[in-house]
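The structure appears below as structure tokens.
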Amino acid sequence: MADVPAGRLPKPQMRGLLISHLKRHGAIALVFSMGVTLAYKLAVADPRKRHYEEFYKNYDVKREFEAMKEAGIFNCARPSWEQAEED
Amino acid sequence: MATPAQLGLMDAASPVMEEMIYFHDHVMLVLILITCLIFYSMLVLISSKYIYRFLTDGHVIETVWTVIPAIILVVVALPSLKLLYLTDELDSPQLTIKGVGHQWYWSYEYTDYYDIEFDSYMLPLGDLNKGDARLLEVDNRVVLPVDTSVRMLVTAADVIHAWTVPSLGLKMDAVPGRLNQLALQCSRVGTFYGQCSEICGANHSFMPIVIEAVPVETFEAWCDAMLDSE
């Protein structure tokens, strides 16, 4: 406002305001929504896929089974300390 | 099993469930895109002080907002159908198990190589050990070999039940007089829980399913033990 001479306001847009608003806000809406979508993809979807890939890359069935067995998870395979107690 | 205050899907224990999780993420992308678009549009419209008095029609925008949703639907439908057919794929199963729903327990039959049959009742509260899950533990669990393609045939003896294991991405109605087939493959060892998913009477909530996925040698040892006990 300091650079406008006293008594003169900038001329408002007289024609095509709706179209110009639609273009401006349409672009902002598209950028905003695609930005949030990309953020979800980069922060949630892609890391989840990578996590599953890494989990199964070096997955050792025997090691995991032995650890779970010793923790007493399974009914069909009891931990060695339980069998030792029974003996 | 699900943990308290869990919001998302359970961790996958089968390749099909993994694909379901990825599909869920794909659909979430579409939903987030649409929600953000609508949210911003509402914000602008509510905060705007202008009205266009001469607005009568908008053929172009009406065409645009018809075609774009159609494209979005195709973007969702194509992977959805691919996943749907993937869940039905059964590639040379090495084992067939029959699960029969009763009021109010499940019974299982392993009749491929052995003649093993047992019932699976929920463990009542008084019989639970420390650390057991309430309303989820059973007396006899379904034991399966890990990384093995299994055919699960599901039926019922009385009313309609449904055999469900969410972490394996499995749910199938158990209908009396009908055999429904499920393709089952556990990618990792562990115990996986499920509950009957079709209202079947007073104790519908008290007939859970528990699967133990173990190495093949352990599975064979369990089969031998079951045969000996019978």
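In what follows, every chain begins at residue 1, and chains take the letters A, B, ... in the order their sequences are listed. Predicted model, so just to flag it, every value in this text is computed and none were measured.
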- Check: B/Met207 main-chain N/O paired with B/Trp106 side-chain donor or acceptor under 3.5 Å: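 Flag set: sc B/Trp106 to bb B/Met207 pair under 3.5 Å.
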Heavy-atom proximity to chain B below 4.5 Å, by part of [X]:
X       : result
A/Met34 : both
A/Leu18 : side chain
A/Leu17 : side chain

Quick one: closest heavy-atom pair of [X] and [Y], and the distance?
X        : Y        : value
B/Trp163 : B/Ile211 : CH2-CD1, 3.6 Å
B/Leu37  : A/Ala29  : CD2-CB, 3.8 Å
B/Pro215 : B/Val189 : CD-CG1, 4.1 Å

- Message: Need one label for B/Ile21: side chain, backbone, both or neither, based on atoms under 4.5 Å from any heavy atom in chain A.
- Response: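 For B/Ile21, the side chain is the part near chain A, not the backbone.
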- Measure distances from B/Ala221 to the heavy atoms of chain A and classify the residue's part below 4.5 Å as side chain, backbone, both or neither.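 No part of it gets close to chain A.
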- Item | Atom pair OG1 (B/Thr3) and CG (B/Leu7), whose distance is rounded to the nearest 0.5 Å |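 B/Thr3 OG1 to B/Leu7 CG: 9.5 Å, rounded to 0.5 Å.
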- Message: Would you compute the distance between atom CG of B/Leu128 and atom CG of B/Leu135 and round it to the nearest 0.5 angstrom?
- Response: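 So the CG of B/Leu128 and the CG of B/Leu135 are separated by 8.5 Å.
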- Identify which of B/Val30, B/Leu31, B/Val44, B/Leu55 forms the greatest number of heavy-atom pairs closer than 4.5 Å to chain A.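 Highest number of pairs under 4.5 Å: B/Val44.
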- Item | Ring centres under 6.0 angstrom apart (A/Phe65, A/Phe74) |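 Centroid distance A/Phe65-A/Phe74: below 6.0 Å, so yes.
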- Query: In terms of heavy-atom pairs under 4.5 Å with chain B, which of A/Leu22, A/Leu30, A/Val44, A/Ile28 leads?
  - Reply: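 Ranked by contacts with chain B, first place is A/Ile28.
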- Message: Quick check: do B/Ile116 and B/Leu227 have side-chain heavy atoms less than 4.5 Å from each other?
- Response: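 In contact.
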- Query: If you count the non-hydrogen atoms of other residues, nucleotides and ligands that lie under 6.0 Å from CD1 in B/Ile51, is the total more than 12?
  - Reply: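 For B/Ile51, atom CD1 is not crowded (no more than 12 foreign heavy atoms under 6.0 Å).
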So which N and O atoms of chain B and chain A form donor-acceptor pairs under 3.5 Å?
residue, atom, partner, partner atom, Å
B/Ala12, N, A/Tyr52, OH, 2.9
B/Asp25, OD1, A/Tyr40, OH, 3.3
B/Asp25, OD1, A/Arg48, NH2, 3.0
B/Asp25, OD2, A/Arg48, NE, 2.9
B/Tyr40, OH, A/His25, ND1, 2.9
B/Arg141, NH1, A/Ile73, O, 3.0
B/Val189, N, A/Tyr59, OH, 3.0
B/Glu212, OE1, A/Cys76, N, 3.2
B/Glu212, OE2, A/Asn75, N, 2.5
B/Glu217, OE1, A/Lys62, NZ, 3.3

